[in-house]
Structure formats: C-alpha cells, structure tokens
Amino acid sequence: MNSVPRCRRGAGSGSGRPARRSSPLLSRPMPIQDPLQMLAQRFRGAIAAAYPQAADADPLITPCKSADMGDFQSNAAMGLAKRVGQKPRDVAAAIVRHADLTGIAEPLTDASIAGPGFINVRLKAAALRDALSSLDSASLGVEPASPAKTIVVDLMGVNLAKQMHVGHLRSPIIGDCLARTFERLGHSVIRQNHVGDWGLPIAMVTARIQQLAREGRIDLAKLTLDDLDTAYKAAQAECQRDVDGLAAAKRFGLGPKALAELEEQVNGATESFNAARQTLVKLQSKEPQTYGVWQRIYEVTMKVCLDVCRMLRVNVTAEHNAGESSYADELGPMVDDLIARGIAVPDQGALIIRLDDPPKGADGKPLWEPIKEPVLVRKSDGGFLYATTDIAGIRRRVQKFGASEGVYAIDARQSLQMKQVFAASIKAGYATHPKTGEIALLAHAAFGAVLGEDGRPFKTRSGESVKLADLIEETFSRAAKAVQSRDAELPASEARAIAEAVGVAALKYGDLSTDRIKDYVFSFDRMLAFEGNTGPYLLYAYVRVRSIFRKAAERGIGESWRRAAFPCEQAAEKQLALALLRYPAAVRGVADSLEPHRLCQYLYDLAGAYSVFFDQCHVLNAESETLRDSRLRLCDLTARVLADGLSVLGIPTVERM
RNA sequence: GCGGGCGUAGCUCAAUUGGAUAGAGCAUCUGACUACGGAUCAGAAGGUUAGGGGUUCGAGUCCCUUCGCCCGCGCCA
C-alpha cells in the first residue's frame, strides 16, 4: 500500500461503520418450532395479560450466557418496570404468574427470577427434540426471505495496470461472503467488479505501452502485469512532476537557472501529459489501434484478477465486470440531467452537489445525515471525477438492475466519499426504486487495513508489497506443510486440494472472524494454527464429524439413524442441540449487520459444543443402538450446519485433512 | 483547524447492540485417555474495559471531557 490506489476500492483504513440496519425485509419469522420464537410469543402473551397498557413490549428473549442459569431468558421486566411504575422484580413476578409455557419449557416459579428481574427458562427435552427435527431439513432452518430482494454487492475493485497486493484481499473476501449470505437467504444478488479502467492515468499507461511497443522495447503478446505496473508508476511520476513543477513555479520566485531546469522538466512532462490527453480522446472514440492496446492491458490485468478470485474461491468472474469505462458514455448525459434539474450547481468553475441540507422523507426524518462538504461531479476543465462514476453506478444499479439494496465492500478510508455518493444519489433521485418508489438501502461495509505483525502496513522485510497471487500460493504451501506434519494418512492425489482448502480457510477466516471495521494483523502462523479460533480448526471439526461416518460404514452400520430421535438428555447433547438451533439467526445476523464475524463466532461456538459432546458422549460405542443412532443423527446435523456455515463464508470443506 | 474511526488479559480478538461474575484462543501452570482424528477435554492464573465525569435498577456499550494511535477533509484517482 505504497500509494492510495487510483480506484477507491483498493487498500486502506479509516472510518465509517454504517448505521446498523433494522431491515424487516431481511428478517423473517422463524418456523414456529424455534424455541426462541415460541418463547417470545408466550412471553408477549404474558406481558399483554399482566400489563395491557404495555402489550407491545418486546419480550427480549435471548439464550442464556451460562448453562447453569438456564437455556433462555427474558430481559423484559427491567425495561417494563419504568414504563409501568413498578419494581423490576415485581414486574418479573407478574410476568411469571401470567406466563404459560406448557409444551415448551418447565413451568416458571419465583426461583426462575434472578438478579434485578431476569426470568430464566429451561426447555423441555421434547420441545428441543421437535425443534431439532424441524431444523433437520434441506434448508437447515434458513428459509428464503420473502419477498426476495435484488441486492447489488460492490466488491473486488482492481485497477488496470496495477499489481494486486495484500490490500486487495479484503474487499473480495468480505464482499463475496456478504453476497453468499444474501444468496443463502434467497435474495437475488448481483456482484459488481467496479474496475478502475478509465481516465487520464489509464490513458497515460496506454500511451506509454504504445510507445514502448512501437520502439520494440515491449512485446504486446507477452505483456505482463509487472510490465504494466512499471509503466504505470513511470507514467504517474511524469504526471506528478508536471503538477509539482507548475505548483512550485507559481509559488516561488526562482532563479533563472532553476527556472530553466524546471521549465525543461515541466515541458517534458507536459509533452507526455498531452500525449496522454490525446490518447484519452482516441480511447473515447475507440480508435482501433489505441483501443486495442487498452484492451490488451485490460486482458492482462483481468487475467491476474480472476486467477486470484479462483484461487481464493471468490465467486467473481468476467461477467461481474462493470468498469469505469462502461460508464464513460453515461456521465455527460447524467450530469446534464443533474444540471437541468438543479441538483448540481456551478461553483468556482466546477460543478458540485450540495449535501448539507437534506430534504425530509415521508417519515419526517432527513433522507441523509447532513454533509458539510459538497461533492464535485465535474471539474472546471470539464473532466469527471470518481464520484461521478460512482453516482452513475448507483443509477444503473437501482434504475436498470432494480436493486433495492446496495452494499459496498470498500476500504474504510473511503467513508466520506461513500457518504457523499450515497447522499448525492438520493438527492438526484437515482437511488429511488423505479417500481416501489422506495429509496434503496445503501450501505458501506467498510473495512480496516491489513497490517504486518509489526503493526504497520503489511510489507515484506525489504519493504516491497507482496504480489497477491504469491501470497496466496505461499499460504497454500504453508498449509500443505502444516497438514503433512500431522502425518495423517492422506492420499497424495488429495494433498493439493486439501492444502488449498486449508489455505483458503485460513486466509478467509482470518479476515472474516474479526470486526471488519478494525485493522487486522496478517500472520501466516496465527491464521494457519490448527488450534483456536481459526479456519483450519473449523475444517478439522468438520473432518472429525465426517470421520465418524466413515468409521460407521466400515463397521457396517446402516442409515437407520436418519429416522432416530434426537438425544437431549446429557448436558453435552443439550448444549450442542441449543447451539445448532441458533444457526438460522446467525446467518440472518450477518445479513442484517453486514458483519461476517458473527457467523464465524457462531461456528466456532458450534465446533466447541461439538468437541465437548465428542469428548463426553461416545457415538459408535454408545450403550445402545438407539442411543448410537440418535447421536449419529446429531452428528450429521452438526456436520451439515458446519459445512453450510462455512460455505456462506466462502470456505470449501474437505472430508479429510 | 474541522470531521470520522479505534483504544478490552502479556499477545491476537469477542461481548447477542443497555443486561447477570467482561468471555475465547495463543503463551504459562495443573489435571484427564488401553474408544469414534489428542488438531481434544477439564481446571488455574491473568482486567481500574486508555483516564476522568455524567445519565439509570444496570454502562465496555449512550452523553460530556482529556490523552494516545490511525484516517479523511471540492477541481487526485
């Protein structure tokens, strides 16, 4: 991360956690077998009966933190106390008197009330069994959202002619995970790779490559991304020299000699600058020779980009490309529209959109938080800016694609820019859905920087930034060594696939498992550790479950377990069951918060609950075949939830490792 | 200068959005197995949640303030 990437989707850090979204459309009532929902219903009834004036109060049912307190608890009494003017414990007692938990939980008593007014609930085993049975379906309790929405996810964000590095890791990992989450919930997802492939800098590279090719110093057929990266930097340096020179000349009175040198520099730079301008004009008119070179540059860059996506098992392909160039012809007309409607106004020769006075919506609230800084959509020289393309992006995504939601997996440093673009699009009406008339929900899923173990931006020891493909390959080879060192007897034919799965798990889980807004420390050793909260550990947990079924097959145990009743007698069985039941809410939680680490935490908890179960409850050597079968069914459900959850994270599973 | 983000155990991170005794993993120490993958499980130790003030039944979480680190702030992309 030597420089701020041209394309704003690059690496970085900064600010801006989007407002938590209360999105009723994404939330859908659980099947009625979910104990949490059932308890909420019963407690709601109890509250309504005890306090009719507060019948709308939320029962606030949550799983208990500790098993010895109970299975679930209601935290409603404390909040209600103030509202009805009674002591919290008295309110709790009244709720307890009115609550009928028949068929779900043990009857409540005064002993169910704890502390200031927590009401603890213990489920009946039969209710738990029923709940597990209803979870044990193809959907694993994650029912399709209704209505399904069209959600655009902006992810990846590469720049033409620039080498991919560690800073490009987070957007595809986070964005793809969010996309998968939405897909899992039945929404229609459109991924967009907003490639930075247009504008003067790209024209400069194109001009330079053309020049080098003409001089025979470069073979277009053998062009590499490294060639392009070098050319880009050289071209940028020339441009910078020009800008710096002119600025300096204006600021200082220089001696004749210095001024002469400067002029020479500036003239040289201006020469290449003008060449770039001419190249841009040719590009815009798709002059064949120039455009061909540009296409070649595009191919070379995208090849690397899509290779990286394949290696990472990120679902981004060529069809998701929506580069800046694809908006080039839309910007002029769009800006004309903004002018005609008075959205954009002239200011000091440029064209801006003011964002400091948002109109109020139907609910009386401002359509966006006022932003002091206006956004520039056209420079005084007539050129368009980044924000202009981004606004066009929202227009296309909402107006053409019909998106009712747009999620941007982009560096947190772009926070202000994102807010401005969102606000400007809303102001222009581009974010208003053409059919429903509702304003699309626009969210910036901002993420922090990738740091090295020294706490500074991730680099090699020599200070170079690491090529992303090399970084991934190193992860794979380290994963291969780690797997080998456990001397498991693995077929050689599977070794590579296993190493890649473990590597992908390590990389993605390392990124996704912490709050994305924070910077995170990149460490091969930590992410590839097989102990603790890591991707490989979760894969291992899955492998260990699957291993039981291989062993069962060896012993000639059939599939009678598929019809067995779930076990909920032993503490470890019960805790595993309760953990499994939390799965659908965990997936929805990611969609609502745009925070993948919630699912990671859930899966780690689940794996932990399974480990305890595995330790305390023997499956294949259980006391009876009935118990064995019921435990096998519990194992099967665990494996499927683990695999499903990992797939939502974008992590493939393996059968052995 | 203005704005935003972050600050939690020695280290890396959580905390169901205001709920019970702030939880995990690593590292350290102590236990458990002739069984399903020990890549495991149980336990100990480790905290003035950067400091201070406030709001209330209750604050890591909300408000004010100080400090530290990072980031951003119209003609760059």
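Residue numbers start from 1 in every chain, and the chains themselves are labelled A, B, ... in the order their sequence lines are given, proteins ahead of strands.
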> Expressed in whole Å, how much space separates the C1' atoms belonging to B:rC62 and B:rU56?
Replying inline: 11 Å
> Is the shortest side-chain N/O distance from A:R544 to OP1 or OP2 of B:rG38 below 4.0 Å?
Replying inline: yes
>> Using the rule given for side chain to side chain contact (heavy atoms under 4.5 Å, CB included), can you reason through A:N159 versus A:Y232, listing the C-alpha separation, both sets of side-chain angles and the distance that settles it, and then say yes or no?
In response: CA-CA 11 Å; A:N159 306 293; A:Y232 190 103; 5.9 Å; no
Under 3.5 Å between N/O atoms: give me all the protein pairs with nucleotides 8-16 of chain B, atom names plus distance.
{"unit_1": "B:rU12", "atom_1": "O2'", "unit_2": "A:R526", "atom_2": "NH1", "d": "2.6"}
{"unit_1": "B:rU12", "atom_1": "O2'", "unit_2": "A:R526", "atom_2": "NH2", "d": "3.4"}
{"unit_1": "B:rA14", "atom_1": "OP1", "unit_2": "A:D515", "atom_2": "N", "d": "2.3"}
{"unit_1": "B:rA14", "atom_1": "OP2", "unit_2": "A:K518", "atom_2": "NZ", "d": "2.9"}
{"unit_1": "B:rA14", "atom_1": "O2'", "unit_2": "A:Q601", "atom_2": "OE1", "d": "3.3"}
{"unit_1": "B:rA15", "atom_1": "OP1", "unit_2": "A:H597", "atom_2": "NE2", "d": "2.9"}

>> What's the closest nucleotide to the side chain of A:M78 if the choices are B:rC75, B:rC57, B:rC41?
In response: B:rC57
> When we call it a touch if two heavy atoms are under 4.0 Å apart, what does A:C617 touch: a base, just sugar-phosphate, or nothing?
Replying inline: base
>> Rounded to whole Å, please give me the gap between CG in A:L490 and C1' in B:rG37.
In response: 11 Å
>> Quick check on B:rG74: syn or anti? Syn means the glycosidic torsion is within 90 degrees of zero.
In response: syn
>> Quick check: on RNA chain B, is the nucleotide nearest A:P116 upstream (toward 5') of the one nearest A:P88, or the reverse? Name the residue that is more 5'.
In response: A:P116
>> Counting only side-chain heavy atoms from C-beta out, which of B:rC2, B:rG5, B:rU40 sits nearest to A:K372?
In response: B:rC2
>> Please report the distance separating the P of B:rC63 from the corresponding atom of B:rA22, rounded so that it comes out in whole Å.
In response: 23 Å
> Taking the same atom, C1', in B:rG18 and in B:rG3, what whole-Å distance lies between them?
Replying inline: 27 Å
>> Rounded to whole Å, please give me the gap between CG in A:D605 and P in B:rG25.
In response: 11 Å
>> Any carboxylate oxygen within less than 4.0 angstrom of a Lys/Arg side-chain nitrogen, looking at A:E369 and A:K419?
In response: no
>> Under 4.0 Å, counting only non-hydrogen atoms across every strand here, what does A:G589 touch: a base, just sugar-phosphate, or nothing?
In response: nothing
>> Does any part of the side chain of A:L528, heavy atoms only, come nearer than 4.5 Å to the side chain of A:V502, both counted from C-beta?
In response: yes
>> Counting only side-chain nitrogens and oxygens, does A:S380 get under 4.0 Å of the OP1 or OP2 atom of B:rC75?
In response: no
>> Using the P atom as the point on both nucleotides, what is the distance between B:rA15 and B:rC73, in whole Å?
In response: 30 Å
>> Classify A:G532 by what it touches in the nucleic acid, base, sugar-phosphate, or nothing, heavy-atom distance under 4.0 Å.
In response: sugar-phosphate
> With a 4.0 Å cut-off on heavy atoms, is A:R378 in touch with a base, just the backbone sugar-phosphate, or nothing at all?
Replying inline: nothing
>> Please determine whether a side-chain nitrogen of the Lys or Arg among A:K372 and A:D356 lies less than 4.0 Å from a carboxylate oxygen of the Asp or Glu.
In response: no
> After noting the C-alpha distance and the side-chain angles of A:Y327 and A:H194, does the key distance pass the ring pair (Phe, Tyr, Trp, His ring centres under 6.0 Å) rule?
Replying inline: CA-CA 10 Å; A:Y327 293 99; A:H194 192 99; 5.7 Å; yes
>> Please give the distance between the P atoms of B:rA44 and B:rU61 as a whole number of Å.
In response: 28 Å
> Does B:rA44 have a Watson-Crick or wobble mate here (both distances under 3.5 Å), and if so which one?
Replying inline: B:rU28
> For A:F118 and B:rA20, are the ring centres under 5.5 Å apart with planes inclined under 30°?
Replying inline: yes
>> Please classify the nucleic acid contact of A:V612 as base, sugar-phosphate, or nothing, using heavy-atom distances under 4.0 Å.
In response: sugar-phosphate
>> Tell me if the CZ atom of A:R277 is crowded by more than 12 foreign heavy atoms within 6.0 Å.
In response: no
> When the distance from OH of A:Y386 to C1' of B:rC73 is rounded to whole Å, what number comes out?
Replying inline: 18 Å
>> Using the P atom as the point on both nucleotides, what is the distance between B:rG60 and B:rU49, in whole Å?
In response: 7 Å
>> Could you tell me the Watson-Crick or G-U partner of B:rA22, where both distances fall under 3.5 Å? Say none if there is no partner.
In response: none
>> Students often get this wrong, so: under 4.0 angstrom with heavy atoms, is A:Q616 touching a base, only sugar-phosphate, or nothing?
In response: nothing
>> Using whole Å, what does the distance between atom C1' of nucleotide B:rC73 and atom CG of A:L385 come to?
In response: 15 Å
>> Suppose you measure atom P in B:rA27 against the same atom in B:rG74; what distance do you get, rounded to whole Å?
In response: 48 Å
> Given atom NZ of A:K82 and atom P of B:rG19, what is their separation to the nearest angstrom?
Replying inline: 14 Å
> Is the NZ or CZ atom of A:R544 both under 6.0 Å from the centre of the six-membered ring of A:F614 and within 45° of that ring's axis?
Replying inline: yes
>> If you count heavy atoms of other groups shown closer than 6.0 angstrom to CD of A:Q616, is the number above 12?
In response: yes
> What is the base-pairing partner of B:rA15, counting Watson-Crick and G-U wobble geometry with both distances under 3.5 Å?
Replying inline: none
> Can you tell me how far P of B:rG19 sits from CD1 of A:I61, to the nearest Å?
Replying inline: 15 Å
>> Pairing check on B:rU49: which nucleotide meets the Watson-Crick or G-U wobble criteria with it, both distances under 3.5 Å?
In response: none
> When the distance from CE of A:M204 to P of B:rC76 is rounded to whole Å, what number comes out?
Replying inline: 13 Å
>> For a quick check under 3.5 Å, do A:Y542 and A:E655 share a side-chain donor-acceptor pair by atom type?
In response: yes
> With both distances kept under 3.5 Å, what pairs with B:rC69, Watson-Crick or G-U wobble?
Replying inline: B:rG5
> When all nucleic acid strands are considered with a 4.0 Å heavy-atom cut-off, which category describes A:Y604: base, sugar-phosphate, or nothing?
Replying inline: sugar-phosphate
> Given that both distances must come in under 3.5 Å, which nucleotide forms a Watson-Crick or G-U wobble pair with B:rU61?
Replying inline: none
>> Judged by each residue's nearest nucleotide on RNA chain B, which is more toward the 5′ side, A:E373 or A:F613?
In response: A:F613
>> Side chains of A:D197 and A:S325 only: does a donor on one sit below 3.5 Å from an acceptor on the other?
In response: yes
> What integer distance in Å separates A:L620:CG from B:rC36:P?
Replying inline: 10 Å
>> Can you check the distance between B:rA50 and B:rC29, where both ends of the measurement are the P atom (answer in whole Å)?
In response: 30 Å
> Counting any heavy atom closer than 4.0 Å, what does A:V375 reach on the DNA or RNA strands: base, sugar-phosphate only, or nothing?
Replying inline: nothing
>> If you only use heavy atoms from C-beta on, which nucleotide in B:rA35, B:rG37, B:rC26 is closest to the side chain of A:E531?
In response: B:rC26
> Taking atom types as they are modelled, is there a donor-acceptor pair under 3.5 Å from the base of B:rA20 to the side chain of A:N120?
Replying inline: yes
>> Does atom CG (A:D110) have a neighbourhood of more than 12 heavy atoms from anything else shown, all under 6.0 Å?
In response: no
